[in-house]
Protein chains: 2
Amino acid sequence: MSDITDIEIHKKRFTDFLVSKRMRKTPERFEILNCALNCNGHFDADLLYNLLEANGYHVSKATVYSTLELLSEAGVVRKLLFDTHQARYEIADESHSHLICTVCGEITEIAPPGFEVKSCADMLNGFHPSYISTCIYGICRKCQMKKKDRK
Amino acid sequence: MSDITDIEIHKKRFTDFLVSKRMRKTPERFEILNCALNCNGHFDADLLYNLLEANGYHVSKATVYSTLELLSEAGVVRKLLFDTHQARYEIADESHSHLICTVCGEITEIAPPGFEVKSCADMLNGFHPSYISTCIYGICRKCQMKKKDRK
DNA sequence: TTTACTGCAAATATTTTGCAATATC
DNA sequence: GATATTGCAAAATATTTGCAGTAAA
């Protein structure tokens, strides 16, 4: 979870990004960032929209989408694509890997694996990495157990 | 690229899968698999549909989608989600990582990094991994150079 | 002969876009 | 005051679904 200091860091990062791009610091943009920071773990555009509405703050969906795109560009959130039908996001705090169950779709986060970019630096051929996403697909414990029961 | 032996292995795997699920071995399903095997690298549902049409073989898009889902379940192809708007696929041959340029969207494959699942086996907590997808996001050489030119 | 599969078209759902009104700089 | 941004609704697009006809087993 993000503590108060982290929240300020993310806000500053977004502000700097907007300033550098000569874009406007609108209340909508910061309200959306705030809402994202209050979500533990993953969230999607629709969830943010509904949370904002629930808090009595109205923004259009188009604005939620465009702001998420900006936050993503600014490196404040990461866009994750687990399934075809919607993009999910997470605050770009610490890195971790995702365990994705191919049966029930459950997604769990685990601490980062011992993956070293340096170990393949020679293969990158001029590519400048900024973020590594590791997704481990398989069958979660619960689904594994259900499978056994059926036998 | 797949050689003749590989192709037979993939076909057998799909056949075995269909038999085990008591599903029918229709010509459409094998025509779609064939077409996928002839694509080097990535492909999507639309590309397969168009290739099939170009070869004078008609299948409906719904069938392409459902067959890709089956091939994915059978472990013959892997479903990759690089952008929101469409699923891409690849033959589940050898494992490799993807370099994804966040500027131009170009996707390059590189040999697998030294990632060891065993090294975090204790964190998997009953999760049975079957496939690991590593995506390295960053800026490719070409976009890096364009950036410099602009300065 | 049974019923799973296909094709087609309509439905669904997410994201994008155009434009007038508004608010930031 | 200039113009980037918002909201709204409509558009665009990928995927799914329902159903009747067809073909694999």
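This is a predicted model, so every value here is computed, not measured. Just so we're on the same page: letters track the sequence lines, and every chain starts at 1. All heavy atoms count here, side chains included; hydrogens, waters and symmetry mates do not.
For DNA chain D, the neighbouring residues in residues 12-32 of chain A, judged by any heavy atom under 4.0 Å, are Met23(A), Arg24(A), Thr26(A), Glu28(A), Arg29(A).
Between Glu73(B) and Lys21(B) there is a salt bridge, with a side-chain nitrogen of the basic residue lying less than 4.0 Å from a carboxylate oxygen of the acidic one.
Between His58(B) atom NE2 and dC5(C) atom C1' there is a gap of 14 Å when expressed in whole angstrom units. Atom CG of Leu52(B) is separated from atom P of dT6(C) by 13 Å (rounded to the nearest Å).
For Tyr89(B) and His42(B), the distance between ring centers is not under 6.0 angstrom.
Judged by the 6.0 Å distance and 45° axis criteria, Lys61(B) is positioned over the aromatic ring of Tyr49(B).
Residue Thr63(A) places at least one side-chain N or O closer than 4.0 Å to OP1 or OP2 of dG7(D).
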How would you summarise protein contacts on nucleotides 10-17 of chain C per nucleotide, using B for base, S for sugar-phosphate only and - for none, with heavy-atom distances below 4.0 Å?
----SBBB
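Test Val59(B), Ile32(B), Leu33(B) against Thr67(B) for side chain to side chain contact (heavy atoms under 4.5 Å, CB included) and you get one pass: Ile32(B).
Between the side chains of Ser60(A) and Thr63(A), at least one donor-acceptor pair of N or O atoms lies under 3.5 Å. His58(A) and Glu53(A) share a side-chain donor-acceptor pair at under 3.5 Å.
Across Ala92(B) and Gly75(B), no two heavy atoms sit closer than the pair CB-O, 3.4 Å.
Ring orientation note: the planes of Phe14(B) and Phe17(B) are close to parallel, at an angle under 30° on the 30°/60° scale.
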